[in-house]
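The chains referred to below are lettered A, B, ... by the order of the sequence lines, with proteins before strands, and numbering in each begins at 1.
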Protein chains: 2
Amino acid sequence: MKPSHFEVTPACTAVHHILTRVGDKWTVLVVNYLGNRSMRFNELKRAINGISQKMLTSTLRGLERDGFVTRTVYPTIPPRVDYELTDLGRDLLVPLRGLGDWAIKNEQRVSEARARFDAAHDAGVRPGFADAAE
Amino acid sequence: MKPSHFEVTPACTAVHHILTRVGDKWTVLVVNYLGNRSMRFNELKRAINGISQKMLTSTLRGLERDGFVTRTVYPTIPPRVDYELTDLGRDLLVPLRGLGDWAIKNEQRVSEARARFDAAHDAGVRPGFADAAE
DNA sequence: CGGTATCCCCTCAGATACTG
DNA sequence: CAGTATCTGAGGGGATACCG
């Protein structure tokens with residue numbers, strides 16, 4: 001009856017891995033934008049607003065490396081490069097949206113909890129009066 | 001109208017937020033362990049193997065602040081502190097497991113893609129044999 | 001046992017400049 | 001247009017020492 005001891009290690013290694021992969025500053029944004037349609041480099045850059053050239057490049061390289069996006073170069077002048085989600089990338093979008101839905105639904109609860117915690121610690125660095133009834 | 005222009009910003013802001021929150025080095029591991037049962041501080045520390053006192057503390061504080069875990073102090077000697085997932089924390093586990101399942105299922109595909117990419121770039125820093133035309 | 005405080009390293013990420 | 005190269009600052013994260 002101890003499902004409490006079920007294998008946590010392989011699962012959370014995998015979770016941690018994908019989360020590390022996808023949990024950086026820009027990856028999710030890029031994947032979400034590409035979830036709509038394929039986009040060019042500067043198009044993405046303009047869309048994301050705040051990302052630097054360097055970070056967009058390395059984010060896209062990482063996603064390409066892991067098989068989440070394809071990079072298509074048109075050797076025209078000026079050059080044109082299209083980025084598009086692969087099947088794997090679109091597949092990833094599913095659990096990602098799942099987490100996104102959760103995040104949207106529970107945003108409020110989290111910020112409330114946070115406010116409560118902060119209040120208790122701003123006023124309560126010196127605790128002792130909150131528990132008058134204690 | 002243009003579904004290609006549908007609201008990506010609020011969704012991916014929320015996704016990015018939760019992912020940043022949960023995407024650090026240890027949070028997922030801690031949440032997964034606590035998903036099984038409540039645990040004491042050093043119990044977690046031993047279980048996770050590699051985490052420093054400092055990081056375990058700050059990870060747990062962060063989770064407590066956001067309402068994902070409760071911290072229960074027993075003022076005995078020696079002291080005893082139990083950490084346990086809240087409802088919100090257990091709730092979070094659902095989409096997290098979803099992502100975990102995805103990660104486990106697709107681990108292979110990702111590492112294959114990565115191997116392909118790396119091979120193409122180790123051997124192919126100088127490309128040109130893929131197209132025999134050269 | 002369960003922390004906090006301090007130091008320090010190392011990577012991430014931004015700004016800037018240059019290239020094909 | 002689509003990058004690469006280099007420098008720099010901020011902060012995540014580890015080791016160590018100390019406290020209640």
Spacing of A/H121 atom NE2 relative to C/dG3 atom P, expressed in whole Å: 12 Å

Member of A/E64, A/E43, A/R71 meeting the side chain to side chain donor-acceptor pair (under 3.5 Å) criterion with A/Y83: A/R71

Protein-nucleotide distance (B/N49, atom CG; D/dG14, atom P), rounded to Å: 13 Å

Test item: A/H16 side-chain N/O and B/K25 main-chain N/O as donor-acceptor pair under 3.5 Å: yes

Five-pair end axes of the helix from C/dC1-D/dG20 to C/dG20-D/dC1, angle between them (10°): 40°

Heavy-atom donor-acceptor pair, A/T86 side chain to A/G67 backbone, under 3.5 Å: yes

Distances for protein N or O near nucleotides 1-3 of chain D N or O, under 3.5 Å:
{"from": "D/dC1", "atom 1": "O3'", "to": "A/R40", "atom 2": "NH2", "distance (Å)": "3.1"}
{"from": "D/dC1", "atom 1": "O3'", "to": "A/P79", "atom 2": "O", "distance (Å)": "3.3"}
{"from": "D/dA2", "atom 1": "OP1", "to": "A/R40", "atom 2": "NE", "distance (Å)": "3.1"}
{"from": "D/dA2", "atom 1": "OP1", "to": "A/R40", "atom 2": "NH2", "distance (Å)": "3.2"}
{"from": "D/dA2", "atom 1": "OP1", "to": "A/V81", "atom 2": "N", "distance (Å)": "3.3"}
{"from": "D/dA2", "atom 1": "OP2", "to": "A/N42", "atom 2": "N", "distance (Å)": "2.9"}
{"from": "D/dG3", "atom 1": "OP1", "to": "A/R61", "atom 2": "NH2", "distance (Å)": "3.3"}
{"from": "D/dG3", "atom 1": "OP1", "to": "A/R71", "atom 2": "NE", "distance (Å)": "3.2"}
{"from": "D/dG3", "atom 1": "OP1", "to": "A/R71", "atom 2": "NH2", "distance (Å)": "2.3"}
{"from": "D/dG3", "atom 1": "OP2", "to": "A/Y83", "atom 2": "OH", "distance (Å)": "2.6"}
{"from": "D/dG3", "atom 1": "N7", "to": "A/Q53", "atom 2": "OE1", "distance (Å)": "3.1"}
{"from": "D/dG3", "atom 1": "N7", "to": "A/Q53", "atom 2": "NE2", "distance (Å)": "3.2"}
{"from": "D/dG3", "atom 1": "O6", "to": "A/Q53", "atom 2": "OE1", "distance (Å)": "3.2"}

Interatomic distance, B/K45 NZ vs D/dG13 C1' [rounded to whole Å]: 14 Å

Short side-chain to backbone donor-acceptor contact, B/R90 and B/L85, under 3.5 Å: yes

Any donor-acceptor N/O pair under 3.5 Å between D/dG13 base and B/K25 side chain: no

Separation of D/dA15 C1' from B/L56 CG (nearest whole Å): 16 Å

Donor-acceptor under 3.5 Å (A/N106 side chain, A/R109 main chain): no

Between P of D/dG14 and CG of B/D24, the distance in whole Å: 10 Å

B/D87 backbone acceptor or donor facing B/D91 side chain under 3.5 Å: no

Residue among A/L44, A/L93, A/T70 satisfying side chain to side chain contact (heavy atoms under 4.5 Å, CB included) with A/L34: A/L44

Length of the NZ-P vector between A/K54 and D/dG9, whole Å: 14 Å

